[in-house]
Amino acid sequence: MSKLFRAVILGPPGSGKGTISERVASCFGLQHLSSGDFLRENIAAKTEAGVLAKTYIEKGALVPDHVMTRLMLPRLEEMTRHSWLLDGFPRTLAQAEALNSACELDVVISLNIPLETLKERLRHRWIHPASGRVYNMFFNPPRVQGVDDISGEPLIQHEDDKPEALVARLRHYKDVAKPVIDLYRAKGILHMFSDTETDRIWPYVSSLLSAKIPTDLADAQRATTH
Ligand SMILES: Nc1nc2c(ncn2[C@@H]2O[C@H](COP(=O)(O)OP(=O)(O)O)[C@@H](O)[C@H]2O)c(=O)[nH]1
Ligand SMILES: Nc1ccn([C@@H]2O[C@H](COP(=O)(O)OP(=O)(O)O)[C@@H](O)[C@H]2O)c(=O)n1
(Lines give C-alpha, C1' and ligand atoms only; values in the text may rest on other atoms or scores of the structure.)
(Ligands and ions follow the chains in the order given, each with its own letter.)
Protein backbone atom coordinates (compact mmCIF):
# COMPACT_ATOMS: atom_id res chain seq x y z
CA MET A 1 0.00 0.00 0.00
CA SER A 2 1.33 3.45 -0.79
CA LYS A 3 2.19 5.78 2.04
CA LEU A 4 -0.57 8.00 3.31
CA PHE A 5 -0.09 11.73 3.39
CA ARG A 6 -0.69 13.85 6.49
CA ALA A 7 -0.80 17.62 6.43
CA VAL A 8 -1.77 20.44 8.76
CA ILE A 9 -2.69 23.99 7.80
CA LEU A 10 -1.99 26.73 10.35
CA GLY A 11 -2.98 30.36 10.31
CA PRO A 12 -4.97 32.94 12.21
CA PRO A 13 -8.75 33.17 11.89
CA GLY A 14 -9.52 34.56 8.44
CA SER A 15 -6.18 33.61 6.92
CA GLY A 16 -7.85 31.37 4.34
CA LYS A 17 -7.28 27.92 5.89
CA GLY A 18 -10.78 26.78 5.03
CA THR A 19 -10.64 28.23 1.51
CA ILE A 20 -7.25 26.65 0.73
CA SER A 21 -8.23 23.36 2.38
CA GLU A 22 -11.24 23.04 0.08
CA ARG A 23 -9.01 23.54 -2.95
CA VAL A 24 -6.54 20.96 -1.62
CA ALA A 25 -9.37 18.49 -1.01
CA SER A 26 -10.72 18.86 -4.51
CA CYS A 27 -7.37 18.98 -6.36
CA PHE A 28 -5.45 16.37 -4.38
CA GLY A 29 -8.21 14.23 -2.90
CA LEU A 30 -7.07 14.67 0.70
CA GLN A 31 -9.82 14.54 3.29
CA HIS A 32 -10.32 17.96 4.84
CA LEU A 33 -11.01 17.91 8.55
CA SER A 34 -11.82 21.30 10.03
CA SER A 35 -11.81 21.32 13.81
CA GLY A 36 -14.12 24.35 13.79
CA ASP A 37 -16.68 22.54 11.62
CA PHE A 38 -16.31 19.40 13.70
CA LEU A 39 -16.89 21.42 16.87
CA ARG A 40 -19.99 22.98 15.34
CA GLU A 41 -21.30 19.53 14.36
CA ASN A 42 -20.76 18.35 17.92
CA ILE A 43 -22.49 21.41 19.29
CA ALA A 44 -25.47 20.87 16.96
CA ALA A 45 -25.63 17.18 17.92
CA LYS A 46 -25.31 18.11 21.63
CA THR A 47 -22.57 15.54 22.26
CA GLU A 48 -20.81 15.72 25.62
CA ALA A 49 -17.79 17.46 24.08
CA GLY A 50 -20.06 19.74 22.06
CA VAL A 51 -22.01 20.94 25.09
CA LEU A 52 -18.77 21.64 26.93
CA ALA A 53 -17.08 23.33 23.95
CA LYS A 54 -20.06 25.61 23.39
CA THR A 55 -19.58 27.31 26.75
CA TYR A 56 -16.05 28.37 25.74
CA ILE A 57 -16.75 29.34 22.14
CA GLU A 58 -19.67 31.54 23.22
CA LYS A 59 -17.28 33.49 25.45
CA GLY A 60 -14.85 33.83 22.53
CA ALA A 61 -12.37 31.61 24.40
CA LEU A 62 -10.37 28.64 23.17
CA VAL A 63 -11.71 25.22 24.01
CA PRO A 64 -9.32 23.62 26.58
CA ASP A 65 -6.63 21.31 25.22
CA HIS A 66 -7.92 18.14 26.84
CA VAL A 67 -11.38 18.68 25.34
CA MET A 68 -9.95 19.37 21.87
CA THR A 69 -7.61 16.39 21.87
CA ARG A 70 -10.29 14.06 23.22
CA LEU A 71 -12.49 15.20 20.37
CA MET A 72 -9.97 15.22 17.52
CA LEU A 73 -7.71 12.21 18.12
CA PRO A 74 -10.53 9.63 17.94
CA ARG A 75 -11.81 11.38 14.80
CA LEU A 76 -8.35 11.02 13.23
CA GLU A 77 -8.30 7.35 14.30
CA GLU A 78 -11.32 6.87 12.04
CA MET A 79 -9.33 8.27 9.14
CA THR A 80 -6.22 6.12 9.44
CA ARG A 81 -6.75 4.72 5.95
CA HIS A 82 -7.03 8.14 4.35
CA SER A 83 -4.69 10.95 3.58
CA TRP A 84 -5.86 14.08 5.29
CA LEU A 85 -5.42 17.80 5.81
CA LEU A 86 -6.18 19.08 9.27
CA ASP A 87 -7.39 22.67 9.65
CA GLY A 88 -7.76 24.48 12.99
CA PHE A 89 -6.07 21.75 15.06
CA PRO A 90 -3.51 21.84 16.61
CA ARG A 91 -3.91 25.35 17.89
CA THR A 92 -1.69 25.17 20.96
CA LEU A 93 1.62 23.54 21.78
CA ALA A 94 -0.11 20.95 24.00
CA GLN A 95 -2.40 20.00 21.09
CA ALA A 96 0.58 19.77 18.74
CA GLU A 97 2.38 17.47 21.16
CA ALA A 98 -0.71 15.26 21.49
CA LEU A 99 -0.97 15.07 17.70
CA ASN A 100 2.73 14.24 17.46
CA SER A 101 2.32 11.20 19.63
CA ALA A 102 -0.60 9.98 17.51
CA CYS A 103 0.84 10.36 14.01
CA GLU A 104 3.67 11.63 11.89
CA LEU A 105 3.04 14.70 9.75
CA ASP A 106 4.51 15.14 6.27
CA VAL A 107 3.86 18.83 5.69
CA VAL A 108 2.71 21.85 7.68
CA ILE A 109 1.41 24.82 5.72
CA SER A 110 1.46 28.09 7.62
CA LEU A 111 -0.40 31.14 6.33
CA ASN A 112 1.11 34.46 7.25
CA ILE A 113 -1.41 37.21 6.43
CA PRO A 114 -1.19 40.88 7.49
CA LEU A 115 -3.41 41.89 10.40
CA GLU A 116 -5.23 44.59 8.39
CA THR A 117 -6.16 42.03 5.73
CA LEU A 118 -7.50 39.62 8.35
CA LYS A 119 -9.62 42.31 9.96
CA GLU A 120 -11.07 43.34 6.63
CA ARG A 121 -11.90 39.76 5.62
CA LEU A 122 -13.50 38.68 8.87
CA ARG A 123 -15.70 41.75 8.97
CA HIS A 124 -17.24 40.48 5.76
CA ARG A 125 -17.35 36.76 6.61
CA TRP A 126 -20.77 35.18 6.77
CA ILE A 127 -21.43 31.52 7.37
CA HIS A 128 -24.19 29.00 6.96
CA PRO A 129 -24.25 27.56 10.48
CA ALA A 130 -25.69 24.13 9.63
CA SER A 131 -23.04 23.23 7.02
CA GLY A 132 -20.13 25.51 7.95
CA ARG A 133 -20.08 26.95 4.40
CA VAL A 134 -18.20 30.24 4.45
CA TYR A 135 -18.85 33.30 2.28
CA ASN A 136 -17.22 36.66 1.92
CA MET A 137 -19.42 39.47 0.72
CA PHE A 138 -16.74 40.46 -1.85
CA PHE A 139 -14.38 37.50 -2.40
CA ASN A 140 -17.00 34.76 -2.75
CA PRO A 141 -20.46 36.22 -2.20
CA PRO A 142 -23.54 34.00 -2.08
CA ARG A 143 -25.69 34.07 -5.21
CA VAL A 144 -28.46 35.77 -3.24
CA GLN A 145 -27.47 38.31 -0.58
CA GLY A 146 -27.68 36.83 2.94
CA VAL A 147 -28.77 33.35 1.82
CA ASP A 148 -26.88 30.02 1.57
CA ASP A 149 -26.48 28.90 -2.08
CA ILE A 150 -27.36 25.27 -1.44
CA SER A 151 -29.97 25.19 1.30
CA GLY A 152 -31.51 28.65 0.80
CA GLU A 153 -31.25 29.19 4.58
CA PRO A 154 -30.15 32.49 6.10
CA LEU A 155 -26.46 33.25 6.68
CA ILE A 156 -25.19 34.53 10.01
CA GLN A 157 -22.11 36.34 11.22
CA HIS A 158 -20.06 34.78 14.07
CA GLU A 159 -20.20 36.91 17.21
CA ASP A 160 -16.39 36.71 17.33
CA ASP A 161 -16.01 37.96 13.73
CA LYS A 162 -17.62 41.25 14.72
CA PRO A 163 -15.12 44.11 14.90
CA GLU A 164 -15.19 44.50 18.72
CA ALA A 165 -13.97 40.94 19.37
CA LEU A 166 -11.60 40.69 16.44
CA VAL A 167 -8.40 42.46 17.39
CA ALA A 168 -8.09 40.73 20.76
CA ARG A 169 -8.78 37.37 19.14
CA LEU A 170 -6.11 37.85 16.47
CA ARG A 171 -3.55 39.04 19.00
CA HIS A 172 -4.21 36.07 21.26
CA TYR A 173 -3.90 33.72 18.30
CA LYS A 174 -0.38 34.94 17.61
CA ASP A 175 0.86 34.27 21.14
CA VAL A 176 -0.58 30.77 21.22
CA ALA A 177 0.53 29.81 17.71
CA LYS A 178 4.16 30.85 17.97
CA PRO A 179 5.43 27.75 19.85
CA VAL A 180 3.45 25.53 17.47
CA ILE A 181 5.10 27.14 14.45
CA ASP A 182 8.51 26.89 16.13
CA LEU A 183 7.98 23.18 16.80
CA TYR A 184 7.18 22.40 13.17
CA ARG A 185 10.01 24.60 11.93
CA ALA A 186 12.41 22.64 14.14
CA LYS A 187 11.07 19.40 12.64
CA GLY A 188 11.82 20.76 9.15
CA ILE A 189 8.26 20.33 7.84
CA LEU A 190 7.05 23.94 8.02
CA HIS A 191 6.22 25.82 4.80
CA MET A 192 5.25 29.43 5.32
CA PHE A 193 3.27 31.48 2.75
CA SER A 194 2.90 35.23 3.04
CA ASP A 195 0.56 37.33 0.92
CA THR A 196 -2.67 39.28 1.09
CA GLU A 197 -4.53 37.12 -1.47
CA THR A 198 -5.43 33.43 -1.39
CA ASP A 199 -5.32 33.29 -5.18
CA ARG A 200 -1.65 34.33 -5.12
CA ILE A 201 -0.76 31.81 -2.38
CA TRP A 202 -2.59 28.90 -3.94
CA PRO A 203 -0.16 28.20 -6.84
CA TYR A 204 2.70 27.82 -4.34
CA VAL A 205 0.70 25.52 -2.07
CA SER A 206 -0.36 23.52 -5.09
CA SER A 207 3.19 23.04 -6.37
CA LEU A 208 4.45 22.14 -2.89
CA LEU A 209 1.81 19.43 -2.57
CA SER A 210 2.37 18.21 -6.13
CA ALA A 211 6.01 17.68 -5.23
CA LYS A 212 5.31 16.04 -1.86
CA ILE A 213 2.31 13.83 -2.51
CA PRO A 214 3.25 10.53 -4.14
CA THR A 215 1.65 10.46 -7.64
CA ASP A 216 0.07 7.02 -7.29
CA LEU A 217 -1.62 8.17 -4.11
CA ALA A 218 -2.88 11.38 -5.71
CA ASP A 219 -4.31 9.44 -8.68
CA ALA A 220 -5.96 6.82 -6.50
CA GLN A 221 -7.51 9.40 -4.21
CA ARG A 222 -8.72 11.54 -7.08
CA ALA A 223 -10.39 8.47 -8.57
CA THR A 224 -12.27 7.76 -5.34
CA THR A 225 -13.38 11.33 -4.70
CA HIS A 226 -14.71 12.17 -8.19
N1 LIG B 1 -10.89 39.29 -0.07
C2 LIG B 1 -10.44 38.06 0.12
N3 LIG B 1 -11.15 37.24 0.93
C4 LIG B 1 -10.68 36.00 1.11
C5 LIG B 1 -9.50 35.53 0.48
N6 LIG B 1 -9.31 34.24 0.86
C7 LIG B 1 -10.33 33.92 1.70
N8 LIG B 1 -11.16 34.97 1.84
C9 LIG B 1 -12.37 35.08 2.65
O10 LIG B 1 -11.91 35.40 3.96
C11 LIG B 1 -12.72 34.75 4.96
C12 LIG B 1 -11.84 33.83 5.80
O13 LIG B 1 -11.41 32.74 5.02
P14 LIG B 1 -11.46 31.26 5.62
O15 LIG B 1 -11.04 30.33 4.52
O16 LIG B 1 -12.76 31.01 6.31
O17 LIG B 1 -10.29 31.39 6.71
P18 LIG B 1 -9.95 30.53 8.04
O19 LIG B 1 -10.64 31.23 9.17
O20 LIG B 1 -8.47 30.61 8.14
O21 LIG B 1 -10.46 29.14 7.76
C22 LIG B 1 -13.81 34.01 4.18
O23 LIG B 1 -14.94 34.84 4.16
C24 LIG B 1 -13.20 33.81 2.80
O25 LIG B 1 -14.20 33.70 1.80
C26 LIG B 1 -8.78 36.44 -0.37
O27 LIG B 1 -7.74 36.13 -0.97
N28 LIG B 1 -9.30 37.68 -0.51
N1 LIG C 1 -8.28 23.84 18.11
C2 LIG C 1 -9.36 24.66 18.24
C3 LIG C 1 -10.20 24.97 17.12
C4 LIG C 1 -11.30 25.79 17.31
N5 LIG C 1 -11.57 26.30 18.55
C6 LIG C 1 -12.75 27.15 18.80
O7 LIG C 1 -13.70 27.04 17.76
C8 LIG C 1 -13.95 28.33 17.14
C9 LIG C 1 -14.22 28.17 15.66
O10 LIG C 1 -13.09 27.61 15.02
P11 LIG C 1 -12.81 27.89 13.47
O12 LIG C 1 -11.50 27.25 13.17
O13 LIG C 1 -14.00 27.52 12.66
O14 LIG C 1 -12.80 29.47 13.40
P15 LIG C 1 -11.70 30.57 13.40
O16 LIG C 1 -10.44 30.02 13.97
O17 LIG C 1 -11.62 30.97 11.96
O18 LIG C 1 -12.35 31.60 14.26
C19 LIG C 1 -12.70 29.14 17.47
O20 LIG C 1 -12.92 30.52 17.40
C21 LIG C 1 -12.38 28.63 18.90
O22 LIG C 1 -13.23 29.22 19.86
C23 LIG C 1 -10.71 26.01 19.62
O24 LIG C 1 -10.93 26.48 20.71
N25 LIG C 1 -9.63 25.20 19.45
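Both counts, for ligands and for their atoms, begin at 1 and track the order of listing. Keep in mind it's a predicted model, so treat the numbers as computed, not measured.
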Would you mind listing which atoms of ligand 2 come within a distance below 4.0 Å of any non-hydrogen atom of [X]?
X	answer
S35	3 (C)
R40	9 (C), 13 (O)
Q95	1 (N)

Note to self: So, regarding M68 and ligand 2 (criterion: nitrogen or oxygen to nitrogen or oxygen, under 3.5 Å), is there a contact or not?
What the structure shows: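 No, since none of the N or O atoms of M68 sits under 3.5 Å from an N or O of ligand 2.
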Below the 3.5 angstrom mark, is there an N/O of S34, backbone or side chain, next to an N/O of ligand 2?
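Checking ligand 2 against S34, no N or O pair falls under 3.5 Å apart.
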Would you kindly specify which portion of [X] sits under 4.0 Å from ligand 2, judged on non-hydrogen atoms: side chain, backbone, both or neither?
X	answer
L39	side chain
R125	side chain
P13	both

Margin query: For a side chain to side chain contact (heavy atoms under 4.5 Å, CB included) check, start with the C-alpha distance between E116 and E120, then their side-chain angles and the critical distance, and finish with the verdict.
Written below: CA-CA 6 Å; E116 281 310 310; E120 195 53 29; over 6 Å; no
Please confirm whether the backbone N or O of [Y] pairs with a side-chain atom of [X], one donor and one acceptor, at under 3.5 Å?
X	Y	value
R133	H128	no
K17	P12	yes
S206	W202	no

Summary of salt bridge (charged side-chain N to carboxylate O under 4.0 Å, His left out) pairs that have at least one residue in residues 176-190, sequence neighbours excluded =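 Salt bridge (charged side-chain N to carboxylate O under 4.0 Å, His left out) check on residues 176-190 returns K178-D182, D182-R185.
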request  = Sort and list the pairs that fulfil side chain to side chain donor-acceptor pair (under 3.5 Å) and have at least one residue in residues 62-73, not counting sequence neighbours.
outcome  =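 Non-adjacent pairs meeting side chain to side chain donor-acceptor pair (under 3.5 Å): D65-T92, D65-Q95.
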Audit row: H32, W84, side chain to side chain contact (heavy atoms under 4.5 Å, CB included) steps and yes/no: CA-CA 6 Å; H32 169 210; W84 44 248; over 6 Å; no
Show which side-chain atoms of residues 139-146 pair as donor or acceptor with protein atoms under 3.5 Å away, not counting sequence neighbours.
unit_1	atom_1	unit_2	atom_2	d
N140	OD1	N136	N	2.8
N140	ND2	V134	O	3.3

Next on the checklist: Please compare K17, R91, R169 and report which has the shortest non-hydrogen distance to atom 16 (O) of ligand 2.
Outcome noted: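 Shortest heavy-atom distance from atom 16 (O) of ligand 2: R91.
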Reported CZ-to-CZ distance for the pair F5 and F28, which is rounded to 0.5 angstrom:
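Result: 9.0 Å between the selected atoms.
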Practice task
Write out the protein residues near ligand 1, meaning a non-hydrogen atom under 4.0 Å from one of its atoms, in order of chain and number.
Solution key: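 Residue list for ligand 1: P12, P13, G14, S15, G16, K17, G18, T19, R121, R125, V134, Y135, N136, F139, N140, E197, T198.
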Margin query: With a 4.0 Å cut-off on N to O distance, would you call K212 and D106 a salt bridge?
Written below: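 Looking at D106 together with K212, the answer is no, because their closest N to O distance does not fall below 4.0 Å.
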